[in-house]
Amino acid sequence: MDRLLVAPRLLGGCFFSAASVEFDSKPGAVRDRVMGALDRWEGYLTVSIGYAMERGELPSLDDAAQLAFEITALLDAANTRSLLRETEEPYRRAAVAVADRLVALGADSTAVAPLRAT
C-alpha cells in the first residue's frame, strides 16, 4: 500500500485525476465515464474501510465514506503538487497524513508505520 502513495505510476500523474480536472465542467460521455471510474475507486476504499471498521481496526471511525473522501483528497493533492513541483515529497506527506489519520481513528500504529517510512 505504501508504494501506491509514494510514486506516480504514469508520466504526468494520475490519468483519472487529470481527466477529472479537464472534464469536470463538460457534460457528456467522457465526463460520465471518468466520474464512474472515480466513484468505483472511492466506493472500493469505502468498502475496504468499512471492513476494517467491522473488524474493530478503526474503533473511533463512524463514517467510512468520510475517510475514503479524505484519503482521496490527500492523494489528489499529492498528485497535483508532485507534478507542479517535480518532486515526490507530496506523496510522502500524503502518506504521513493518511497514517496520522488512521492512528487518530484507533489503528495500530505499527500497522501503519510503513506509510511514515516512505
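Side chains are part of it too, since the values below use all heavy atoms of this structure and drop only hydrogens, waters and symmetry mates. Predicted model only: the values in this text are computed from it and were never measured.
In this structure, Leu74 and Ala94 approach most closely via the heavy-atom pair O-CB, 3.9 Å. Taking every heavy atom of both residues into account, Ala111 and Pro114 meet most closely at O-CD, 3.5 Å. Ala64 approaches Gly50 most closely through the heavy-atom pair CB-N, 3.9 Å. What you find for Ala107 and Val112 is that their closest heavy atoms are CB-CG1, 4.4 Å.
Residues Ile71 and Ile49 are in side-chain contact: their nearest non-hydrogen atoms beyond the backbone lie under 4.5 Å apart. Counting heavy atoms from C-beta on, the side chains of Asn79 and Tyr91 come closer than 4.5 Å. By the 4.5 Å heavy-atom criterion applied to side chains, Arg116 and Asp100 are counted as neighbours.
Salt bridge Arg85/Glu89: absent, no basic N to carboxylate O contact under 4.0 Å.
Hydrophobic clustering, with ILVMFWY side chains joined whenever heavy atoms are under 4.5 angstrom apart, groups Val98 together with Trp41. If you chain together hydrophobic residues whose side chains sit under 4.5 Å apart, Tyr44 and Leu67 fall into the same group. Leu102 and Val96 are members of different hydrophobic clusters when ILVMFWY side chains are connected at heavy-atom separations under 4.5 Å. Hydrophobic clustering places Val103 together with Met53 (ILVMFWY residues linked when any side-chain heavy atoms are closer than 4.5 Å, directly or through intermediates).
Listed for the Ser82 side chain is a donor-acceptor partner under 3.5 Å among the backbone atoms of Thr87. When atom types are taken as modelled, the side chain of Arg40 and the backbone of Gly36 share a donor-acceptor pair closer than 3.5 angstrom.
Heavy atoms from other residues, nucleotides or ligands lying under 6.0 Å from CZ of Arg81 number 12 at most.
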